[in-house]
Each structure stands twice: as structure tokens, then as C-alpha cells.
Amino acid sequence: MPSAESKTAAANAGGVQSLERAFDLLERMADAGGEVGLSELSGSSGLPLPTIHRLMRTLVACGYVRQQPNRRYALGPRLIRLGESSARLLGTWARPYLARLVEETGETANMALLDGDEVVYVAQVPSRHSMRMFTEVGRRVLPHSTGVGKALLATTPPDEVRALLARTGMPAATAKTITSPDAFLEALHLVRETGYAVDDNEQEMGVRCLAVPVPDSPTAAAISISGPAGRVTDEATQEIVPVLKEVAADLSAALASTDGT
């Protein structure tokens, strides 16, 4: 007969497995656009329908998932608070890496996430130059006129990019802002080829920004430097981009660490 200790260990193991499965289902729902049916989850996860139904019932009761009138399941509102807090923490974790960017490039460093159809800045470390760029943390901008927006959307399927642009429009912030979906898709192709994005006076005249995506980030993220066009020249770009890519890779590794170091 199993001992009390072995029964407790088995129960704990079952609880951990259920927790892992529940988080896996939430991530699969997010990958599917936020709303799925049980059969879709069963097909993608390999779990039997009764198991999925039991887990979803618990998630619904906790408010992390809601059941729609059409019987499909959607991500619930309680996840919003978790996501907002996580985004703020992501910016906090990134600050030492942004400080390193400032140290090595001399320019203001930023981190931005894609939140719905908008880019939101979650962290910044300012340049020490008297003439420097400043973007308020929490500021939201449209992706088409920013380097971070291009970096964030570079690997998004073209039809999804076009749908996003149709929803947001492409207002011109300056005379150099890209205002054509075809031209923006060409710019994204260049980002994929070179590994970095450029905002060349497109958000603000006299300002150039260089941005790269953070590889394998838990949510789409990009880091950038911004400075006067007279300093962020084509020649300076060749020196700055390798630093951006190296810092992005190091930040990615830190975010992937399971021990918090």
C-alpha cells in the first residue's frame, strides 16, 4: 500500500502537470489569435478532450478564459493585468542592457513592444549628450513610422501587416514617413535581409533610429537607439548595428533564463 508521502508526491506531480498543461493551452490560444474551440486545442496539443475540458473549466472559473456564446473559448480579461505587469517588468529587466547600449553607442536606447496594433515604449535610458532624444515610457505610436515598428513586424505575414495598416491608417508624421502598404512591406523585406530597421526622419525630422528585434522574446520586443541625424549617420550605423544585435542576443538569453540570472 502506498505511503502517505508517496501519495502526496504523486498528487504534487499531478498538480504540476495540470499547471503546465493549463499554461500550454493559454499559449496555444494566444498563438491562434485568442479564440479557439476544444477540438482545435485537442488537435494542436494532443491532449484528450475530457482533459482539455476540465482544464478550461478551471481557467474559466478563475477568469483567465471566457466561454463565448458560440461555445468557443477566448482569453479572459484577468490576463490583461498580468500582461501589463509583465510588460513593465520586461522594461525593468531590459534597463541594464539599454544602459550598455548607451555606453557603447552614446545614443539614447529604447525598448518597445507590440501591443495590439500599436507600438508601446516600455523602457528608455537617455544619452549623456546635451542634444539627445527623449521618448516617454508608455508612449504609443503607430508601427509604420518607427524603426521599432518595422523591427517588430518584420516577420509578420504580409496579409496580416496589410490588415493592421488598414486598421490604423498610415498618417504621415513627416514628409519622409512611409504611407504606402507596398512600400512598407518592401521596408520589412529589407529588415529581414539586413537584420535591422531604420527610421530615417520618418517619425521626427532630424532624428534617425536604428532598431533590431529581440530574438525569441516571450512577447514581440525590439530595442533601438535614437539620435540626431547628424550623429546617427550611415557610417555610424555600420558600427552601431553590430552592438544592437549583440545586446539583443544577450537580452534574449537573459529573458530565456529559468533561474533569473
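Thr237 places a side-chain heavy atom less than 4.5 Å from the side chain of Tyr196. Within the 4.5 Å cutoff, the side chain of Met56 has heavy atoms near those of the Leu25 side chain. For the pair Pro171 and Leu142, the minimum side-chain heavy-atom distance is below 4.5 Å. At least one side-chain heavy atom of Leu26 sits less than 4.5 Å from a side-chain heavy atom of Leu75. In this structure, Val102 and Arg128 have side chains that are in contact, with non-hydrogen atoms separated by less than 4.5 Å.
Taken to the nearest 0.5 Å, the OG atom of Ser224 stands 12.0 Å off from the NZ atom of Lys150. One distance of note links CZ of Arg231 with CD1 of Ile225; it measures 9.5 Å at 0.5 Å rounding. Taking CG of Asp24 as the reference point, atom CG of Leu47 lies at 7.0 Å (rounded to 0.5 Å). Taking OG1 of Thr177 as the start and CE of Met205 as the end, the distance is 9.0 Å to the nearest 0.5 Å. Here CE of Met29 is found 8.0 Å from CG of Leu59. Values are rounded to the nearest 0.5 Å. Between atom OG of residue Ser145 and atom CD of residue Gln203 there is a gap of 3.5 Å, rounded to the nearest 0.5 Å.
Heavy-atom minimum distance, Ala248 versus Pro213: CB-O, 3.7 Å. Minimum interatomic distance between Ser217 and Leu255 (heavy atoms only, all atoms of both residues): OG-CD1, 4.2 Å. Heavy atoms only, all atoms of each residue included: Val212 and Gly195 are closest at CG1-O, 3.5 Å.
Between Ser127 and Glu107, the side chains place no donor N or O within less than 3.5 Å of an acceptor N or O (distance only, hydrogens not considered). In the model, Asp117 has no side-chain atom that pairs as donor or acceptor with a side-chain atom of Thr168 under 3.5 Å.
Chaining together hydrophobic side chains whose heavy atoms lie under 4.5 Å apart places Val141 alongside Leu114, Val119, Tyr121, Val148, Leu152, Leu153, Val161, Leu164, Leu165, Met170, Ile178, Phe184, Leu185, Leu188.
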task = Would you check, one step at a time, whether the test side-chain contact (heavy atoms from CB on, under 4.5 Å) holds for Glu35 with Gln68?
result = CA-CA 9 Å; Glu35 181 178 316; Gln68 306 288 69; 3.3 Å; yes
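Other residues, nucleotides and ligands place more than 12 heavy atoms under 6.0 Å from the CZ atom of Arg162. Applying the 6.0 Å contact sphere to CD of Glu235 captures no more than 12 heavy atoms from other residues, nucleotides or ligands. By the 6.0 Å contact criterion, CZ on Arg71 is open, its count of non-hydrogen atoms from other residues, nucleotides or ligands being 12 or less.
Of the charged side-chain nitrogens involved, none lies within less than 4.0 Å of a carboxylate oxygen, so that Arg167 and Glu118 do not count as a salt-bridged pair. The residues Asp234 and Arg208 are annotated as salt-bridged, a charged nitrogen and a carboxylate oxygen being separated by less than 4.0 angstrom. At a threshold of 4.0 Å, the pair Arg100-Glu246 counts as salt-bridged, since one of the basic side-chain nitrogens sits closer than that to a carboxylate oxygen. Between Arg28 and Glu40 no salt bridge is recorded (no basic side-chain N to carboxylate O distance below 4.0 Å).
Cluster annotation: Val243 is not connected to Val191 through the hydrophobic network of ILVMFWY side chains, with a link wherever side-chain heavy atoms come within less than 4.5 Å.
Side chain of Thr233 to main chain of Ala236: a donor-acceptor pair is present (N/O by atom type, distance under 3.5 Å, no hydrogens or angles). A donor-acceptor pair under 3.5 Å is absent between the side-chain atoms of Glu20 and the main chain of Ser18, judged by distance alone. Side-chain atoms of Thr194 come within 3.5 Å of backbone atoms of Leu190 as a donor-acceptor pair (strictly under, hydrogens ignored). For the pair Thr174 (side chain) and Glu204 (backbone), a donor-acceptor distance under 3.5 Å is absent.
Here the rule is side chain to side chain contact (heavy atoms under 4.5 Å, CB included) with Ile223, and of Asn110, Leu210, Leu251 only Leu251 fits it.
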